[in-house]
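Beneath this line is the structure, given in structure tokens, with notes to follow.
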Amino acid sequence: MTISFLLLAAITIIGTAAAMSLKNLVHCVLALSLGLVGLAALYMQLGAQFVGFTQILVYVGAVAILAAFVIMMTRSANPTLTNAASSFRASGPLIAVLVFAVLAWATISGTSAQPILTAAPEGSVGQIGTALMHRFVLPLEVIGLLLTAALIGAGILAMDEHRGTQHRGKQ
Amino acid sequence: MFETIDQIFVLIKHWLLGYVPGALQPISSAILSVVPVIIAFPLLFAITTVLERKGLGRMQNRYGPNRTGWFGILQPMADGIKSLTKEDIVPRTADQLVHFLAPVVMVIASFLVYAVLPIGRNMVIADLNAGVLFFFAIGSMVELSVFMAGWSSHSKYSLLGAMRAIAQMISYEMPLVLSSVVAIMAAGSLSTVTIVNMQAGYTGIWPHWYVFTPWGITGFVIFMIAATAESNRCPFDMPEGESEIIAGYFIEYSGFKFALFFLAEYLGMFATSAMAITFFLGGWAAPFSFLTWIPSYVWFFGKLLTLICAFIWVRGTLPRLRMDQLMNFAWKFMLPLSLINIVGAGIWHFMPAGFTRWTVVSLLVVLSCVLLSRGLRRNKWFHVRTYRFAS
């Protein structure tokens, strides 16, 4: 429980809390990315560099940008105040408590069932790479196939439509 | 003797650390590593602005700045004072906080990536296990600050500029990362220091840099093109064409905030160039075995300045690309070519050393390059452009 942990935890909690409570959607995205950066820093503090960097690369670099793009493209440049949050005011905390309970149960029962690792894993990136290429090679390939299919699907969705359906163009 | 000069900064740091009490040593060690970098690279930025303006001026048959100081050498000072004393205008409808934070986030992200750059022998702030990943992860934070700047200005021009810039940066991040994968594969490590060390050594007088292999030169060229686009420089300066398309995401910024964007952009250019040096040009190693007596940091900055001069040269030579050409180039040419290049690096790794693997991998890369460009040119015809309103 060091100062750096408290600081990072505060950043994470403030960021995610602001992401839920702010009115302006773009502010929400920015606050969320702050929370995700704090989370990544927490991972790095635990010695999981690879997970932390991937967190920043994927969530701040891709997901937050994607969310920002979606907001910019689906709304006007100045998103109006939304009251979408109010309709979930009752069910939100309930779901949050349920998810927290499940996670807490899993964590507590998990640690009691398994002995705590005595030696900290070293060279984590290399180990992750080796594990992915040997033990988890099939899931890796499946995920690769899925992502390729998603990429091709996105390409087809975005493709110029006038080639095969010219007569339908001016309806 | 040469050893001492080579390690002089490391020795000075350790000498200074000797005067610090033990409890404060980690933090003062960090400060002593970070402060020189934070001083050196903005200084390089100042030198580069003069070099760029003088060089571009010469290419355009004019003098460039020559009034401040000796041959205009004090021009960056004048620029700095000018931007500090300018009025800082914030649009009335702008989102004040985000508008303020955008340049700050951008400069912080640009400085953070310097943590993993090996500037010389034993001269790196943090030798991270996943240093390359850190570099690209922090680099992706720049896009967020671009979005913040474009959106918070509450102006259609800056929003459009931000969309343009982010689309371009995301598109060119793909070839940038994929072309660096070959160096990571060859070195077998994500640590920048290890990648440099794996390129050490000489055959005769020639170094073992990755750029002297078929996949290395291809990766280097793709990396440099993508780096040009990532740092929004000509011919990929769509995000900030000042005169023709109303600049870009920073149109509503003035004074020192604008200067911060300018600084961050150049810092990004230096960082990606330094990464290209690390991946393909042997880092701080000397180019010939008989020149190893020159200190490592001199070689690093020499290579960096060479690449910067190449950037300036390209900017003075090439016209700007159109947006669709830019996107087509990234997704249809650079991306497939960098993927094929990865395959080439794999073949290189598993074939026995010698003339055969040179031929095979070179053929693969050159053929795919030719076929790709031929394939993309099909169904397109080029003719003299006619202008509707200016003929």
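Please read all numbers here as calculations on a predicted model, not as lab measurements. We name chains A, B, ... by the order of the sequence lines, and we start the count at 1 in each one. Computed from heavy atoms alone, side chains included, the values below leave out hydrogens, waters and symmetry copies.
Only the side chain of B:Ile170 comes within contact range of chain A, with at least one heavy atom under 4.5 Å from a heavy atom of that chain. Contacts between B:Met163 and chain A at a heavy-atom distance below 4.5 Å involve backbone atoms as well as side-chain atoms. The contact between B:Leu144 and chain A is made by backbone and side chain atoms together, counting heavy-atom distances below 4.5 Å.
Ranking B:Ile166, B:Val146, B:Val142, B:Thr93 against chain A, the residue ahead of the rest is B:Ile166, based on heavy-atom pairs under 4.5 Å.
Surrounding CZ of B:Phe136 are more than 12 heavy atoms belonging to other residues, nucleotides or ligands, all under 6.0 Å away.
Each of B:Phe223, B:Tyr210, B:Trp215 was checked for a ring pair (Phe, Tyr, Trp, His ring centres under 6.0 Å) with B:Phe279, and the lone residue meeting it is B:Phe223.
The aromatic rings of B:Phe329 and B:Tyr172 lie tilted to each other, with the angle between the two planes from 30° to 60°.
B:Ser189 places a side-chain N or O within donor-acceptor distance of the main-chain N or O of B:Ser191, the cut-off being under 3.5 Å.
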